[in-house]
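Shown next, in structure tokens, is the structure this report addresses.
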Amino acid sequence: MNLILLGPPGAGKGTQAKRLEARFGIVQISTGDMLRAEVAAGSAVGREANAVMEAGHLVSDDILIRMLGQRIERADCVRGFVLDGFPRTVPQAEALGVLLAGRNQTLDAVVELQVDAPALVERIAGRFTCAKCGVGYHDSFKRPLLDGVCDVCGSHDFVRRADDNRETVQARLAAYQRQTAPILPHYAAAGLLHRVDGMADIDVVTQQIMAVLDHLPAASAARGVSP
Ligand code: AP5
Ligand code: MG
Ligand code: ZN
């Protein structure tokens, strides 16, 4: 099953993608995480992307399309994937269509998480993640059960993203409106777009997404049951 999770910064793409990964045995492909790994490694791509990401702008289509093309070739994509943060521009959406057609694959659904701008800023400004296992937390909405200790791995180290501040968030929201939102009509016209209320609680959002996906033939196949 091949899915796209679309939505502005802080909409909950990463949070929900992890749940879909667990439920359907598909792999989360977060282009933001991939770029941050390149930055951390100090690679040529990372050096080019670093300042662009810190300013809240989009990294070039060339880099992203090449990166995504290589990623979906990997063996862990055999059961499918959930794209988190790609495509983000019309050329990226077109390139994805070409990449999938070349592999005789199709998209099963595009889920858009809809969240108000003030809520997005609040979510992003409060976000932090475990430095060891990468699980996400939030100062107000999702604190660790024990302060300062990761629920999942017990680590005491947490990190905040360099682009998670109120100023950069405005640039990221503007980039979404200007460059990413124009791809929505394309998927709506193809009958693939499903809109979900991303303002609801995390578990309720998951339930809404599952309700959409449970109707897809590919979801039954992914769970190994007949439709
Ligand atoms: P990327 O890493 O993709 O960031 P983003 O799109 O800005 O989205 P976020 O990761 O900030 O938010 P999210 O939707 O994953 O929300 P999350 O689940 O964490 O991209 C970063 C940068 O990389 C871009 O700005 C760009 O420069 C570059 N880039 C990446 N891909 C690119 C591409 N294809 N082309 C060009 N450039 C690219 O949730 C947020 C917080 O809210 C968390 O704390 C969470 O716990 C909380 N939360 C989640 N859901 C809820 C809920 N329902 N209620 C309350 N709180 C919630
Ligand atoms: Mg994310
Ligand atoms: Zn952890």
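Computed from a predicted model, the values in this text were never measured in an experiment.
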Quiz prompt | Partner set under side chain to side chain donor-acceptor pair (under 3.5 Å) for Asp163, not counting sequence neighbours | solution = Arg161
Quiz item: Run the side chain to side chain contact (heavy atoms under 4.5 Å, CB included) check on Arg71 and Met34 step by step: do they pass?
Solution: CA-CA 10 Å; Arg71 182 65 187 85; Met34 291 166 72; 3.8 Å; yes
Practice problem: Give me the other members of the hydrophobic cluster that Leu146 sits in, counting Ile, Leu, Val, Met, Phe, Trp and Tyr linked by side-chain heavy atoms under 4.5 Å, directly or via other members. | Solution: Val149
Quiz item: Does the Lys13 side chain pair with the main chain of Gly7, one donor and one acceptor, at a distance under 3.5 Å?
Solution: yes
Practice problem: Keeping the roles fixed (side chain from Thr180, backbone from Arg88), state whether a donor-acceptor pair exists under 3.5 Å. | Solution: yes
Quiz item: Linking Ile, Leu, Val, Met, Phe, Trp and Tyr by side-chain heavy atoms under 4.5 Å, what else ends up with Leu120?
Solution: Val115, Val121, Ile124, Val169, Leu173, Met199
Exercise. Under the side-chain hydrogen bond (donor to acceptor under 3.5 Å, both in side chains) rule, what do Thr168 and Asn165 come out as? Steps first, then yes or no, please.
Key: CA-CA 6 Å; Thr168 308; Asn165 55 71; 2.9 Å; yes
Practice problem: Only pairs at least two apart or in different chains count here, so list each ring pair (Phe, Tyr, Trp, His ring centres under 6.0 Å) that has a residue in residues 148-172. | Solution: Phe128-Phe158, Tyr137-Phe158
Quiz item: Mind checking what makes salt bridge (charged side-chain N to carboxylate O under 4.0 Å, His left out) contact with Asp197, not counting sequence neighbours?
Solution: none
Exercise. Verify side chain to side chain contact (heavy atoms under 4.5 Å, CB included) between Leu213 and Leu20, making sure each step is shown before the conclusion.
Key: CA-CA 10 Å; Leu213 300 184; Leu20 296 174; 3.7 Å; yes
Quiz item: Which residue pairs pass the salt bridge (Lys or Arg N to Asp or Glu O under 4.0 Å) test with at least one member in residues 183-192, sequence neighbours excluded?
Solution: none
Practice problem: Would you indicate whether the side-chain heavy atoms of Leu68 and Leu99 approach each other to under 4.5 Å? | Solution: yes
Exercise. Write down the atom of Val27, the atom of Cys77, and the distance for their closest heavy-atom approach.
Key: CG1-SG, 3.7 Å
Quiz item: Yes or no on side-chain hydrogen bond (donor to acceptor under 3.5 Å, both in side chains) for Thr206 and Arg19, after CA distance, side-chain angles and deciding distance?
Solution: CA-CA 8 Å; Thr206 306; Arg19 294 175 173 210; 2.9 Å; yes
Quiz item: Which ILVMFWY residues can you reach from Leu145 by hopping between side chains whose heavy atoms are under 4.5 Å apart?
Solution: none
Quiz prompt | Heavy-atom closest contact (Ile202 atom, Thr15 atom, distance) | solution = CG2-CG2, 3.7 Å
Quiz item: Residues two or more places apart in sequence or in another chain: which of them pass side chain to side chain donor-acceptor pair (under 3.5 Å) with Asp151?
Solution: none
Practice problem: Check Val59 against Ala49 and note the closest heavy-atom contact, atom names and distance. | Solution: CG2-CB, 3.9 Å
Self-check item: Nearest heavy-atom neighbours spanning Ala200 and Val205
Solution: O-CG2, 3.5 Å
Self-check item: Contact check, side chains of Ile4 and Leu96, non-hydrogen atoms, under 4.5 Å
Solution: yes
Quiz item: Do other residues, nucleotides or ligands put more than 12 heavy atoms under 6.0 Å from the NZ atom of Lys132?
Solution: no
Exercise. Check step by step if side chain to side chain contact (heavy atoms under 4.5 Å, CB included) holds for Leu83 and Leu5.
Key: CA-CA 6 Å; Leu83 298 182; Leu5 268 185; over 6 Å; no
Quiz prompt | Residue from Asp84, Leu184, Leu113 passing side-chain contact (heavy atoms from CB on, under 4.5 Å) with Leu6 | solution = Leu184
Quiz item: Is there side-chain contact between Thr89 and Ile183, with at least one heavy-atom pair below 4.5 Å?
Solution: no
Self-check item: Pairwise side-chain contact, Val110 with Leu3, heavy-atom cut-off 4.5 Å (strictly under)
Solution: no
Quiz item: Is there a salt bridge (charged side-chain N to carboxylate O under 4.0 Å, His left out) between Glu38 and Arg47 once you walk through the steps?
Solution: CA-CA 8 Å; Glu38 297 284 348; Arg47 287 195 299 278; over 6 Å; no
Quiz item: Is a side-chain N or O of Thr129 found less than 3.5 angstrom from the main chain of Gly134, in a donor-acceptor match?
Solution: no
Quiz item: Partners of Ser155 by side chain to side chain donor-acceptor pair (under 3.5 Å), sequence neighbours excluded?
Solution: none
Practice problem: List in chain and number order the residues that pass side chain to side chain donor-acceptor pair (under 3.5 Å) with Gln179, two or more places apart in sequence or in another chain; answer none if no residue qualifies. | Solution: none
Exercise. Could you tell me whether Arg160 and Asp139 have a side-chain N and a carboxylate O separated by less than 4.0 Å?
Key: yes
Quiz item: ring pair (Phe, Tyr, Trp, His ring centres under 6.0 Å): which pairs involve residues 34-87, sequence neighbours left out?
Solution: none
Quiz item: Going by the side chain to side chain donor-acceptor pair (under 3.5 Å) test, which pairs reach into residues 115-128, not counting sequence neighbours?
Solution: Arg127-Asp164
Practice problem: Look at atom CD of Glu54 and say whether more than 12 heavy atoms of other residues, nucleotides or ligands are closer to it than 6.0 Å. | Solution: yes
Quiz item: Is there a salt bridge (charged side-chain N to carboxylate O under 4.0 Å, His left out) between Asp62 and Arg66 once you walk through the steps?
Solution: CA-CA 6 Å; Asp62 286 355; Arg66 196 175 344 117; 6.0 Å; no
